[in-house]
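Okay, so here's the structure we're looking at.
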Amino acid sequence: MAKSNDSLSNLITALKALPNVGTKSAQRIAYHLLQHNRAGAERIVATLSDALAKVRHCRLCNTFCEDELCRICADEKRDATRLMIVQMPVDIAGMEDAHCHDGHYFVLMGHIDPTQGKDLGHIELEKLVQRIADNPIEEVIIATNFTAQGNATAFVLYEILKQYPCKISRLSHGMPLGGEIEYIDAGTLAQSVYERKRLKD
Ligand SMILES: [Zn+2]
């Protein structure tokens with residue numbers, strides 16, 4: 001390959017790091033940015049570089065933040081005895097918009113999916129167990145999605161956490177089957193938290 005093409009092929013290879021982007025999509029993105037949106041490409045470079053340097057995981061809840069603790073974990077008015085477990089940071093935003101939980105969160109940063117070989121290594125389980133073992137948690141609310149993966153994750157979490165002396169609940173099935181928290185309206189979400197199903201007292 002001619003030397004002038006090396007940068008382009010490197011870019012296409014790098015873009016394949018994006019989720020659901022294969023060679024064809026990577027080529028389209030690269031061509032689009034270089035031909036039509038160089039300013040946008042510069043912004044991606046600058047903001048991605050800035051985010052890589054600054055964004056880290058909250059020490060307590062594991063969500064993305066820029067300090068040792070996120071805004072919610074640092075807020076002393078929140079009820080630290082109730083811990084809601086969600087899959088992704090975006091789920092926290094949904095819950096906060098629904099104003100249905102004034103406790104703390106823990107973000108798994110993923111889910112378990114036995115059919116895809118996504119085992120316990122795909123979630124931040126050790127950090128979660130540490131969190132529950134080290135803090136006086138009275139209730140754990142499992143708020144994973146009502147998808148096959150979310151339910152599998154909820155099942156495994158329950159099996160692991162039931163040994164701890166805290167109540168365990170799961171969002172009620174007011175959530176539609178296959179429902180992902182990210183896309184549920186605030187009213188339905190709040191109801192599924194208020195009517196959560198107690199799995200263990
Ligand atoms: Zn936090």
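In listed order, ligands and their atoms are each counted from 1.
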**Study point:** ring-ring contact (aromatic ring centres under 6.0 Å, His included) partners of residues 44-86, not counting sequence neighbours, each pair once
**Key:**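 Pairs touching residues 44-86 that pass the test: H57-F64.
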Check your understanding: Roughly how far, to the nearest 0.5 Å, is CG of L157 from CD1 of I142?
Key ->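 Answer rounded to 0.5 Å: 5.0 Å.
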Review point. What residue among R196, R82, K167 forms side-chain hydrogen bond (donor to acceptor under 3.5 Å, both in side chains) with E139?
Key: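 Considering R196, R82, K167, a side-chain hydrogen bond (donor to acceptor under 3.5 Å, both in side chains) with E139 is found only for R196.
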Check your understanding: When you check the space around the Zn ion (ligand 1), which protein N, O or S atoms turn up under 2.8 Å?
Key ->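 Within the sphere that stays under 2.8 Å of the Zn ion (ligand 1), the protein atoms of type N, O or S are C58 SG, C61 SG, C70 SG, C73 SG.
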Practice item. Give a yes or no on this: more than 12 heavy atoms of other residues, nucleotides or ligands lie within 6.0 Å of atom CD of E159. Key: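 Yes.
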Check your understanding: Around atom NZ of K200, are there more than 12 heavy atoms of other residues, nucleotides or ligands at under 6.0 Å?
Key ->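 Yes, NZ of K200 has more than 12 neighbouring heavy atoms, counting only those of other groups under 6.0 Å.
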**Study point:** T147 vs N145, side-chain hydrogen bond (donor to acceptor under 3.5 Å, both in side chains): CA-CA, chis, key distance, verdict
**Key:** CA-CA 5 Å; T147 56; N145 292 331; 4.9 Å; no
